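Heads up: the structure comes next, in structure tokens.
Throughout, protein chains are lettered first and strands after them, A, B, ... in sequence-line order, and every chain is numbered starting at 1. In this text the structure is predicted, and so the values were computed from the model without any measurement.
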Protein chains: 2
Amino acid sequence: MTEMHDVTENAANDRDVTDLVLEDILTGVLPAGTWLKQIDLEKRYDCTRPEVRRALDRLSQKRLVEHVPNRGYHVYQPDGRRAQEVSDIRVILETAVADLMVERATPESIAKLRQLASHFDRMTMEGTVLEHYEANLAFHRELLLLSGNNELVDLVSEIRQRTSSAPVSQWRTRARVERSAREHHMMVDALEARDVADLKHLIEAHIRQTGDAAPTESAARQA
Amino acid sequence: MTEMHDVTENAANDRDVTDLVLEDILTGVLPAGTWLKQIDLEKRYDCTRPEVRRALDRLSQKRLVEHVPNRGYHVYQPDGRRAQEVSDIRVILETAVADLMVERATPESIAKLRQLASHFDRMTMEGTVLEHYEANLAFHRELLLLSGNNELVDLVSEIRQRTSSAPVSQWRTRARVERSAREHHMMVDALEARDVADLKHLIEAHIRQTGDAAPTESAARQA
DNA sequence: GTATCCTAAATTGGCGCCAATTTTGGTAAC
DNA sequence: GTTACCAAAATTGGCGCCAATTTAGGATAC
């Protein structure tokens, strides 16, 4: 069994154990492959066995951890194919509602998105891994809310957790992080300009983390 | 508490209680609003309380049932807005991969889909509600598998369960069922003809259950 | 040194039990 | 007849306990 650091930490009663374990998985504290012993989690999160079990069952239903009968649960290894497929799904969904976002954007929502993009910038400089990750989620959630489809917003949130969009693996270089930050602002620009095509390209490049955001933008502006 | 019929029925050990409860919800045996008492479910499915609890927790995570602390769980009421949003998502996803389906369709897969469409026809005539429902799922799953994106296949399966695509509410009239059956065959025709646009229209009409499948088809054929 | 076996320790899985909470039904008051 | 109250019954929620299973470590044989 992979060893797991013992962190004495009271369970915050406003967030349940599922969230706490999930956070530790997403931030890399509990890396892929880690065996999650129930008795260790009890101590780590200062909770009872039934709570641990419920959390683990929920996470296994989300396929973030795998249950091996009589042996326990371990964190899934990253699966490149799954990650690719999830990205493809996200591209499909998020670009499909770009027109709705543009149509429904108000000065207030644009200002809010600007603020969230700036908040992401600040977290890039000063925040913890988790704060940074959450700043990214906040930006994207606010953007997707413009679609008016709450199920889609929730669904994208859910599927993001399934794979390498998690913070430990999402941004492999500092340059990529900085590009993501710029792309946030550019998305807001496209919204403001009501440029659906540009927004779609930006969203796709952003999700796929390709490096062609800047040229596509200038090409779209010439068109 | 809404009363619940007591069916003496052994839990089939190859399907867990979650599946059994889900089936009864989807087939209308446990209608929207029904309170699911743990002690009744124990008897109904011939299983233990922890198994019941796990099943209910899982179903609540999927938002099929709602947990009310200290009172229990009840089956969610249908929500028209959610249903609409889920349909919109399905249209986005399933039409987005129509080109992939057409590209990847082989004579074998087309024959398989034909067979599944015919199976659906037969279940319409002779099958139980559940058999009918499962025949529909089988057809659509096979079609979506042509996309090559397994995550998308699984995701669509998941989200279908969330709302009124469930069998108790999916087909409101006999005419609608029959139209759905015809549409299955027409989708296979479009696949065979490698007509992406037609396939997209059919998929959309099918998901939204609009009545315009036939005119759109003839329009697409003239183009 | 490696492989095998055995036993003790560790861990998981699941059940029973009971405290806490809600529901139900009966009674009394108006 | 309606409302309020109370006690008993029903139900949920969660904990402790222990059987079942796995792991780890030591001893033995080769």
Report task. Can you sort out which residues in residues 48-61 of chain A have a heavy atom within less than 4.0 Å of DNA chain C? Ascending by number, please. Result -> A:Arg49, A:Arg53
Query raised in the report: How would you list, by chain and number, every residue that makes a ring-ring contact (aromatic ring centres under 6.0 Å, His included) with A:His119, sequence neighbours excluded?
Result: none
Requested in this report: Check the distance between D:dT11's P and B:Glu42's CD and give it to me in whole angstrom.
Outcome: 11 Å
Query raised in the report: How would you list, by chain and number, every residue that makes a ring-ring contact (aromatic ring centres under 6.0 Å, His included) with B:His67, sequence neighbours excluded?
Result: B:Tyr73
Requested in this report: Quick one: list whatever passes salt bridge (Lys or Arg N to Asp or Glu O under 4.0 Å) with B:Arg114, sequence neighbours left out.
Outcome: B:Asp189, B:Glu192
Query - Phosphate contact (D:dG13 OP1 or OP2) by B:His67 side-chain N/O below 4.0 Å - result: yes
Report task. Report the distance from atom NE2 of B:His74 to atom C1' of C:dT22, rounded to the nearest whole Å. Result -> 15 Å
Requested in this report: Let me see the working for B:Arg81 and B:Glu85 under salt bridge (Lys or Arg N to Asp or Glu O under 4.0 Å), right down to the final yes or no.
Outcome: CA-CA 6 Å; B:Arg81 177 172 176 166; B:Glu85 290 181 350; 2.7 Å; yes
Query raised in the report: Does B:Gln38 have a side-chain nitrogen or oxygen under 4.0 Å from the phosphate oxygens OP1 or OP2 of D:dA10?
Result: no
Report summary line: Those residues at least two apart in sequence (or on a different chain) that pass salt bridge (Lys or Arg N to Asp or Glu O under 4.0 Å) with A:Arg141 are A:Asp154
Query raised in the report: Between A:Asn70 (CG) and C:dA10 (P), how many Å, whole number?
Result: 19 Å
Report summary line: Whole-Å distance, B:Trp35 CH2 to C:dT21 C1', equals 14 Å
Report task. With sequence neighbours excluded, tell me which residues meet salt bridge (Lys or Arg N to Asp or Glu O under 4.0 Å) with B:Glu66. Result -> none
Query - Whole-Å gap separating P (C:dA10) and NZ (A:Lys43) - result: 10 Å
Query raised in the report: From D:dT11, D:dT23, C:dT11, pick the nucleotide closest to the side chain of A:Ile39?
Result: C:dT11
**Report entry** Interatomic distance, B:Tyr73 OH vs C:dT21 C1' [rounded to whole Å]
**Finding:** 15 Å
Query raised in the report: For A:Arg71 and C:dG13, what is the distance between atoms CZ and P respectively, to the nearest whole Å?
Result: 11 Å
